[in-house]
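Both counts, for ligands and for their atoms, begin at 1 and track the order of listing.
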Amino acid sequence: MKIITSIAEWRSIRSQLRNRSIGFVPTMGYLHAGHLSLFQQAKQESDIVIGSIFVNPLQFGVNEDFSTYPRDLERDVKWLEEMDVDYVFAPSVEEMYPSPISTLVSVKNITEMLCGASRPGHFDGVATVVLKLFQIIQPDFAYFGLKDAQQVAVINQMVYDLNVPVQIRPCPILREKDGLAMSSRNVYLSAEERDEATILYKTLQWAKEQIEAGLRDTERLEKGLLEQLKNSPLANVDYAEIRHYPDLQKKKQIEGQVLIALAVRIGKTRLIDNVILEIK
Ligand code: AMP
């Protein structure tokens, strides 16, 4: 496996790989099994697999955890090497942003709600860095986890609107045995908080059961989500919403493809989770 830190170096390698299909997995590192599942999927359909490890300052708000975000490049590299990944692109912030950026990619209509509402500017930062990475890596396929369902919607919209020649592959959420969605941020949780963090999954399961039993009223379901989350004394709700997916519009009565999305602070750690259901 080759580790690349310079854009110029990758461009020169990329020009030699003309006839090979390239699968790309963008990450912020501190890898876990959820990330590795994306690499596994990439390996199944691409000749060459490249992952990026880059904690993107542009997508963090001023009071967010950019400086404390967990990082362990050595361990990440070891894992990816064991998985037979071909290349890791791990640029510095200076390599990606040599001077203050003047161009932003801003996807409208699906970024004003959910994480976009609580993290102003976040999705501009995401869309901009992902487009930059696509321009640099020039992959055929790119793999994204549905753990970040709104992010998948935003990237799909950007690729569609700007005719970016990359096929987006959404991948399922990987969970711990007790249902907690895997996340790099789970390391922030104390033992007690880690136990309480299962409230997100339990709440999603509750909603799924209600919908399977025939409940369709968005307001009643959302009230129920808040009630369920009250079962954890440590849970501080950022949002608990049900929206049509992927356009993220709210409907009075749910129908079609539906996203149940939660963002909950457990102590100081903000966790997100979701489930997507198809209502027949
Ligand atoms: P991150 O490093 O958090 O930016 O995540 C990199 C990619 O891994 C994103 O596409 C995430 O959606 C995906 N990802 C993170 N956690 C999980 C998980 N538990 N299951 C599946 N994919 C995940």
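Considering all non-hydrogen atoms of both residues, E112 and A117 come closest at O-CB, 3.4 Å.
Residue F144 has no N or O atom closer than 3.5 Å to an N or O atom of ligand 1. Residue-to-ligand polar distances place M28 within reach of ligand 1: an N/O pair is separated by less than 3.5 Å. Any N or O atom pair closer than 3.5 Å counts here, and K147 shares no such pair with ligand 1. Considering backbone and side-chain atoms together, L38 places no N or O closer than 3.5 Å to any N or O of ligand 1. For ligand 1, none of its N or O atoms has an N or O atom of Y143 under 3.5 Å away.
In terms of protein heavy-atom proximity, atom 15 (C) of ligand 1 is closest to H32 CE1, 3.9 Å. If you check which protein heavy atom lies closest to atom 5 (O) of ligand 1, you get H35 NE2, 3.4 Å. For atom 10 (O) of ligand 1, the closest heavy atom belonging to the protein is G145 N, 2.9 Å. Nearest to atom 12 (O) of ligand 1 among the protein's heavy atoms is D148 OD2, 2.6 Å. Of the protein's non-hydrogen atoms, the one nearest atom 20 (N) of ligand 1 is L174 N, 2.8 Å.
The ligand atoms of ligand 1 that sit less than 4.0 angstrom from a heavy atom of G34 are 18 (C), 20 (N), 21 (C), 22 (N). In the vicinity of I173, heavy-atom distances shorter than 4.0 Å reach the ligand 1 atoms 20 (N), 21 (C). Numbered from 1 in the order shown, with element, the atoms of ligand 1 that lie under 4.0 Å from a heavy atom of M182 read 16 (N), 17 (C), 18 (C), 19 (N).
Classified by interplanar angle (parallel below 30°, tilted 30° to 60°, perpendicular above 60°), the ring pair F66/F60 is perpendicular.
Under 4.0 Å from ligand 1, the heavy atoms of P172 that appear belong solely to its backbone. Here P26 has backbone heavy atoms under 4.0 Å from ligand 1, and that is the only part of it that gets that close.
Using a 4.0 Å cut-off between a side-chain N of Lys or Arg and a carboxylate O of Asp or Glu, E255 and K251 qualify as a salt bridge. Of the charged side-chain nitrogens involved, none lies within less than 4.0 Å of a carboxylate oxygen, so that E227 and R220 do not count as a salt-bridged pair.
At least one side-chain heavy atom of Y69 sits under 4.5 Å from a side-chain heavy atom of M28. Looking only at side-chain heavy atoms (C-beta outward), M96 and F54 come within less than 4.5 Å of each other. Residues E222 and E241 have side chains in contact (heavy-atom distance under 4.5 Å, counting atoms from C-beta outward). I22 places none of its side-chain heavy atoms less than 4.5 Å from the side chain of D86.
Formation of a donor-acceptor pair under 3.5 Å by the Q150 side chain with backbone atoms of I110 is found in this model.
R75 CZ: more than 12 foreign heavy atoms inside a 6.0 Å radius.
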